Structure formats: structure tokens, C-alpha cells
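What follows is a single structure, written as C-alpha cells, with notes after it.
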Amino acid sequence: MTKTTILTVVGARPQFIKAAAVSRAIRASSDFSEIMVHTGQHFDEMMSDVFFRELEIGKPEVNLAIHGGTHGAMTGQMLAGIEQCLLERKPDWVLVYGDTNSTLAGALAAAKLHIPVVHVEAGLRSFNRRMPEEVNRVLTDHVSALLLSPTMTGVRNLEAEGITRGVHHVGDVMYDAMLHAQKRSREMSTILATLGLSDGGFALATVHRAENTDDPARLQAVMNAIVETAGGLPVVLPVHPRTRQAIARSGTQLGSIRTIDPVGYIDMVRLLDGAKVVLTDSGGLQKEAYFARRPCVTLRDETEWTETLEHGWNRLWTTPDWKPRSDITDYGTGQAAEVVLDAIRAHQG
Ligand code: UDP
């Protein structure tokens, strides 16, 4: 039997984590094969290599090594590089994740060559077009053949934009990834001992969105809010390279926040498991906080993951308290990667 070839485009940290779940399902299947293309958007050991190693994704077959520069220049170079790969490899599908420049470049290159695009994490909206991620996700959704949404909110957002064909609610592949990592992290990770932290005795923070890092006054306000919200708990903040540069450039005062280098996923999941509260502007971490049943404060003025707010596990830093808590059913059962493959199969048939 000839296998269906999926060319997957990844480039940034959260995409490696999501791809780990789907790649595992592809490897376990008998009817799919995968070509992994890394654009190079995130490139060093702790933002890239560690995930491929720890999550057993295998080395990408192609690495375009494109990073840095303006959004336009970066996306343009990726577009040309991915197009070349597609012309050479002729896949049946192109699979993209989330909302980065790599997502948009992969989707656009494929759509122009009439290769169907499957977008995992389709339909999410912040309704803030000043976010580069929002532009990437809207455009990607509008050129995708198969739009796989982790939430029903995503399905409704697409409907509001007139997109109903090829739309499926599949659950969240990040939930699959986290369940897989959780058990291993409890057995393998020594991060709490290394940092001298105890379970339930600290707050975990991350900050990396351009809207928080680009303006020094905003960055300082975010750091102040972290210290204040943690209310005396020690705060650990694995620092994204963009944020490290912004802190150095602007002389931001971190107060009692303890910064560490970015950590691999196994350590990150252990930190999350051990944290009393999570303070973040990361899309992924807001949901992982829920998966670990830790309350989260989102350091943004809006979120795409509105169900985390409605079910009381998350609140925006602009609101004083969490709503009453209940479980979220949207994210699936940890088998979303299988549902992704089933959706592709159904669409082919
Ligand atoms: N993450 C990680 N190590 C870190 C910080 C984050 O493994 O030092 C993980 C985090 O648990 C989540 C993902 O990276 O799974 C989130 O990525 P990021 O915040 O960069 O992007 P976003 O989710 O906002 O798109």
C-alpha cells in the first residue's frame, strides 16, 4: 500500500511539542509517512534541539536555518525555502501548527502549489490584529483545506468568518503531549531539587509575547504584576531569549523573580506539576496549567483560550478573581493526534 505522505512544517518551541504527539501517531500508523521540515525559527539547544531529543521526534529531515530579521524578511525566506522542499518532495499534505511565521509560510507555500493544508490549532482568535500571531492564524485558516480546532470556540470563530468546510473539533494535541511527558517527568526530572524548590511552594512564570517585551514600561508592569500576584511565593521564570534581550536592553527590575535559562519539556512539566500558581503570557502554558489543575493568571489583555476563563482555571491579569471552577470538556481525552489522522483519512476518502 502506498502511504500518504505528510510534510510537517515546524519552527518554534510549541510546535515541536505539538508535533511530538502527532508524529508519534504517524509512526504508529501503517498508512502515513512524515517528512519533518524545521524552518530554523527557534534554533539553539534549549529552544529547539532538546525537544527533538527528549520527545523522541527524530532529527528533522530538512532544516532551513532561517531565523532573525523582520517578520516580512523571515516569512519571505521561509516561503521560498519551503516551496523548494515541496517541489522536490511532492507530499500529499502539508501539516502546520499554531500561529507562527513558520505556520503561515508553510501554509502559503503549499496552497500556491495546490497541496492541501491541514492546520492543527485552527480557529483560535484573540481578535487583536496587532498580534503577529493573530495575522498568521487568520491567513493560515483561510488557505487551509482541513481546519482542526482544539475547541468549539475555534469552530464557531471559523463559522463567523464563513469557513465551515473541512472544519473539525479534534481536541488539543498539546494535552496528548503533556500526558505523555507527565509520567516521564516525575520519574526523570531533577529540576525541583536542582533549584531548591518544593512541590506547591513556588510560582511558575513565563513572558515572551512581543506585546509585553517590546515596550519597556509594559515589561516592567508585567514583572511588577508577577511579583505582586505571587504574593510572597518564590517565582521561577525560565526566560525566553527575546525577553532576556528586552530585560537587558531596558534595564527592567525583576525584584524577587528568579530567572533561569529556558528548560526542556520534561523539566517544564515537572515545574508545572510543582507550581502553586502559573503566571504567563504563553498560549500553551495557559492550557497546560489547566491540564495540571493549577490556577493561571494570563499576563495579557485577552486570550484565545476563553474556555479556561469561563471554567475558572485562568483569569486575565486585568480581572481580580477567578470564576467558579469546573472541568473543560473541549480539549479531548489525550487522543487528539489519532483524531487528527482520522480527519485526514476521512477527507481523503
Ligand atoms: N516551555 C518549555 N520550556 C520553557 C518554557 C516553555 O518547554 O522554558 C513549553 C511550555 O510548557 C509550552 C510551550 O513551551 O508547552 C509554550 O511555548 P511558548 O510559550 O514559547 O509559545 P506559545 O504557547 O505562547 O505559542
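On a predicted model such as this, the values are computed, not experimentally measured, just so you know. Whatever order the structure lists ligands and atoms in, that order sets their numbers, starting from 1.
Proximity of Arg209 to ligand 1 is established by a heavy-atom distance of less than 4.0 Å. Put simply, no part of Gln286 is less than 4.0 Å from ligand 1, judged by heavy atoms.
Considering backbone and side-chain atoms together, Gly283 places an N or O closer than 3.5 Å to an N or O of ligand 1. For ligand 1, the polar-atom distance check against Gly284 finds a nitrogen or oxygen pair separated by under 3.5 Å.
Applying the ring pair (Phe, Tyr, Trp, His ring centres under 6.0 Å) rule to pairs touching residues 189-212 yields His208-His240, sequence neighbours excluded.
Here Arg137 does not pair with Glu133 in a salt bridge; the nearest charged N to carboxylate O distance is not below 4.0 Å. With respect to the salt-bridge test (charged N to carboxylate O, under 4.0 angstrom), the residues Arg294 and Glu288 do not qualify. The residues Glu211 and Arg130 are annotated as not salt-bridged, no charged nitrogen and carboxylate oxygen being separated by less than 4.0 angstrom. One finds a salt bridge joining Arg270 and Asp199 here, because a Lys/Arg side-chain nitrogen approaches an Asp/Glu carboxylate oxygen to under 4.0 Å. Contact check on Asp214 versus Arg249 returns no salt bridge, with no Lys/Arg side-chain nitrogen under 4.0 Å from an Asp/Glu carboxylate oxygen. Ion pairing between a basic and an acidic side chain is recognised when a charged N comes within 4.0 Å of a carboxylate O; Lys112 and Glu83 show no such pairing.
Here is the list of ligand 1 atoms found below 4.0 Å of a heavy atom in Pro238: 8 (O). Atoms of ligand 1 lying under 4.0 Å from any heavy atom of Pro262, numbered from 1 in the order shown and given with element: 8 (O). Interface atoms of ligand 1 facing Phe51, defined by a heavy-atom separation under 4.0 Å, are 7 (O).
Within the 4.0 Å heavy-atom criterion, the part of His208 lying near ligand 1 is the side chain and not the backbone. When non-hydrogen atoms are compared, ligand 1 lies under 4.0 Å from the side chain of Met174 (C-beta onward) but not from its backbone.
Nearest to atom 16 (C) of ligand 1 among the protein's heavy atoms is Ser282 OG, 3.6 Å. Counting protein heavy atoms only, atom 1 (N) of ligand 1 is closest to Met268 CG, 3.7 Å. Of the protein's non-hydrogen atoms, Pro14 CG, 3.5 Å is the one closest to atom 25 (O) of ligand 1. Scanning the protein heavy atoms around atom 9 (C) of ligand 1, the nearest turns out to be Ile17 CD1, 3.8 Å. For atom 5 (C) of ligand 1, the closest non-hydrogen atom of the protein is Arg13 NH1, 3.2 Å. Of the protein's non-hydrogen atoms, the one nearest atom 3 (N) of ligand 1 is Val263 O, 2.7 Å. For atom 12 (C) of ligand 1, the nearest protein heavy atom (residue, atom name, distance) is Glu288 OE1, 3.2 Å.
Centroid-to-centroid, the aromatic rings of Phe16 and Tyr265 stay 6.0 Å apart or farther. Two rings, from Tyr175 and Tyr331, have their centers 6.0 Å or more apart.
For Arg165, the CZ atom counts as loosely surrounded, since its 6.0 Å shell holds 12 or fewer non-hydrogen atoms of other residues, nucleotides or ligands.
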